[in-house]
Amino acid sequence: IKSVVIGENIQRIGEEAFYSCNLLSQITFSNSVREIGKQAFCHCQALSKVRLPDNIIEISESAFASCIVLSQINIPGTITKINDRVFNGCNELIKIEIPASIKAIGEFAIPQRTKIYGTSGSAAEVYATKNYNTFINANSHHSGDFYYEDYQYYGENGSENGVKILAYEGSDTELKLSTLDGKKILCIGASAFKGNKTLQSLTIGNEVKIIEPYVFSLCENLKAVNLSEGLESISAEAFCNTGIEVIEIPNSVKILYSGVFSNCHLLKKITTGTGITEIPYEFASGCSTLENIVFKGNITKIEEKAFKD
């Protein structure tokens with residue numbers, strides 16, 4: 001089956017109705033369709049774009065799970081809940097807009113790399129915060145390929161005003177992150193660059209203080225990273241599953257969180273700065289090519305599985 005037209009008299013598509021139809025690439029729904037059953041289109045591996053009908057009220061568990069090339073789908077305002085695992089495994093779904101009508105989002109409903117667009121205080125924001133998805137709302141600023149929000153940083157020497165990057169939607173191979181619209185970039189938000197396929201070289205300017213979780217994770221072509229003095233903390237799995245080959249952590253960094261460089265399969269050398277006294281859990285685990293580790297600081301503790309191959 002390569003294409004399906006759902007006629008005007010059909011109100012419900014049953015459980016596993018088109019399960020694993022691997023050649024199915026086009027679905028046309030009539031507005032009579034009110035419900036899509038559990039796993040109805042699960043494992044339809046050629047399905048890339050879906051337009052759901054305006055009157056639909058229910059998308060059941062795992063309805064589109066593991067549609068591995070699905071990159072575009074709408075969520076009509078008639079739906080009030082996104083059920084468990086609806087889009088689980090849809091790793092090409094880079095962004096999705098969630099209407100205010102959605103009051104609940106189930107477990108593993110949306111892939112972690114998917115950027116979620118929604119309204120402040122909504123179920124979409126709650127889900128994004130819990131699962132480290134990038135969340136973009138109507139109040140976010142837009143500059144070129146970047147979304148950002150105003151941000152105030154509180155440090156040992158007082159506070160600073162600047163911005164926090166929320167998301168990047170570009171295709172540059174090289175980037176330097178220092179300012180946006182003339183304002184200092186103080187924080188790079190969770191999952192902001194996650195899964196980017198084009199970025200190869202990155203410089204973090206000395207304005208940046210905080211790198212949040214998963215920021216550059218799964219950027220598999222990212223090989224060269226330059227971290228500047230001024231950076232103070234790098235959060236969990238910020239650079240995991242990247243192509244980094246050599247990394248030097250600045251002396252200004254005081255805090256490292258778990259799995260920062262885990263599963264970086266090309267990583268050969270790590271140098272930690274003088275500010276680091278503890279190496280966290282699974283810090284560089286799964287880095288099978290790691291040859292050289294240099295500790296500049298007074299390391300007092302190395303946590304479990306820090307360098308487990």
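Because the structure is a prediction, the values reported are computed rather than measured. Residue indices begin at 1 and follow the sequence shown.
Side chain of S101 to backbone of I79: a donor-acceptor contact under 3.5 angstrom is found. For E35 (side chain) and I57 (main-chain N/O), no donor-acceptor pair under 3.5 Å exists by modelled atom type. Of the possible polar contacts, one joining the N133 side chain to the P111 backbone as a donor-acceptor pair under 3.5 Å is found. Using modelled atom types, no side-chain atom of T173 and backbone atom of Q200 make a donor-acceptor pair closer than 3.5 Å. S235 places a side-chain N or O within 3.5 Å of a backbone atom of I211 that can act as its donor or acceptor partner. In this structure a side-chain-to-backbone donor-acceptor pair under 3.5 Å is present from N55 to N31. The main-chain N or O of Q39 is never found under 3.5 Å from a side-chain atom of E61 such that the two would form a donor-acceptor pair. In this structure a side-chain-to-backbone donor-acceptor pair under 3.5 Å is missing from N88 to A65. A donor-acceptor pair under 3.5 Å is absent between the side-chain atoms of S62 and the main chain of K38, judged by distance alone. For H142 (side chain) and G144 (main-chain N/O), a donor-acceptor pair under 3.5 Å exists by modelled atom type.
To the nearest 0.5 Å, atom SG of residue C44 and atom CD1 of residue I68 are 11.0 Å apart. How far CG of L222 is from CG of L199: 5.0 Å, rounded to the nearest 0.5 Å. With rounding to the nearest 0.5 Å, the separation of CD1 in I247 from CZ in F261 is 4.5 Å. Going from atom CD of E212 over to atom OG of S233 covers 8.5 Å, rounded to the nearest 0.5 Å. The distance from the NZ atom of K2 to the OG atom of S25 is 8.0 Å, given to the nearest 0.5 Å.
Between Y257 and I234 there is no side-chain heavy-atom pair separated by less than 4.5 Å. Side-chain contact check for V253 versus I276: some heavy-atom pair is nearer than 4.5 Å. Proximity of I188 to L177: side-chain heavy atoms (C-beta onward) are separated by under 4.5 Å at one or more points. Considering only heavy atoms from C-beta on, F135 stays 4.5 Å or farther from T129 through its side chain. The closest side-chain heavy-atom distance from T242 to F193 is not below 4.5 Å. Taking 4.5 Å as the limit, some side-chain heavy atom of I94 sits within range of a side-chain heavy atom of K115. The closest side-chain heavy-atom distance from F239 to L267 is not below 4.5 Å. No side-chain heavy atom of L175 sits under 4.5 Å from any side-chain heavy atom of T203.
For the pairing with F29, the side-chain contact (heavy atoms from CB on, under 4.5 Å) check across I56, D54, L52 returns one residue only, L52.
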| request: Tell me, with the steps shown, if T134 and Y117 meet side-chain contact (heavy atoms from CB on, under 4.5 Å). | output: CA-CA 8 Å; T134 296; Y117 294 73; over 6 Å; no
| query | Checking side-chain contact (heavy atoms from CB on, under 4.5 Å) for the pair N22/L24: CA distance, chi angles, key distance, verdict? | reply | CA-CA 6 Å; N22 289 330; L24 181 60; over 6 Å; no
| request: Before giving the answer on side-chain contact (heavy atoms from CB on, under 4.5 Å), spell out for T289 and H265 the whole-Å C-alpha distance, their side-chain angles and the decisive distance to 0.1 Å. | output: CA-CA 6 Å; T289 61; H265 298 298; 5.8 Å; no
| said: Pair I13, I6 - check side-chain contact (heavy atoms from CB on, under 4.5 Å), show working. | reply: CA-CA 9 Å; I13 299 171; I6 309 297; 4.2 Å; yes
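Ion pairing of E92 with K197 is present here, as a side-chain N (NZ or NE/NH1/NH2) and a carboxylate O approach within less than 4.0 Å. Taking the charged nitrogens against the carboxylate oxygens, E107 and K130 do have a contact shorter than 4.0 Å, which makes a salt bridge. By the 4.0 Å N-to-carboxylate-O rule, E303 lies too far from K305 to be salt-bridged with it. Ion pair E278/K254 not flagged as a salt bridge, since none of the NZ, NE, NH1 or NH2 atoms sits closer than 4.0 Å to an Asp/Glu carboxylate oxygen. Electrostatic pairing of E160 and K184 counts as a salt bridge here, judged by a charged N lying under 4.0 Å from a carboxylate O. The residues K164 and D150 are annotated as not salt-bridged, no charged nitrogen and carboxylate oxygen being separated by less than 4.0 angstrom.
A donor atom on one side chain and an acceptor atom on the other are found under 3.5 Å apart for N83 and E58. In this structure, a donor-acceptor pair under 3.5 Å is present between the side chains of N137 and S120. There is a side-chain donor-acceptor pair under 3.5 Å between Y148 and D181. Side chains of T198 and N196: a donor on one and an acceptor on the other come within 3.5 Å. For the residue pair Y154/Q152, the side-chain donor-acceptor check at 3.5 Å is satisfied.
Taking the six-membered ring where the residue is Trp, Y132 and Y214 present tilted rings, their angle falling between 30° and 60°. The aromatic rings of F146 and Y168 sit tilted relative to each other, their planes meeting at an angle between 30° and 60°. Taking the six-membered ring where the residue is Trp, F295 and F307 present tilted rings, their angle falling between 30° and 60°.
Considering every non-hydrogen atom in both A100 and T119, the closest pair reads CB-OG1, 4.2 Å. Considering every non-hydrogen atom in both C240 and G259, the closest pair reads CB-O, 3.8 Å. For G37 against S60, the heavy-atom pair with the smallest separation is C-CB, 3.5 Å. Taking each heavy atom of S66 and C90 in turn, the nearest pair found is N-SG, 4.1 Å.
Taking a 6.0 Å sphere around CZ of F108, one finds it holds 12 or fewer heavy atoms contributed by other residues, nucleotides or ligands. More than 12 heavy atoms of other residues, nucleotides or ligands lie within 6.0 Å of CG in N292, so this atom counts as buried by the packing criterion. Remark: I299 CD1 is packed, more than 12 non-hydrogen atoms of other residues, nucleotides or ligands lying under 6.0 Å away.
Side-chain rings of Y147 and H141 stay apart, their centers remaining 6.0 Å or farther from each other.
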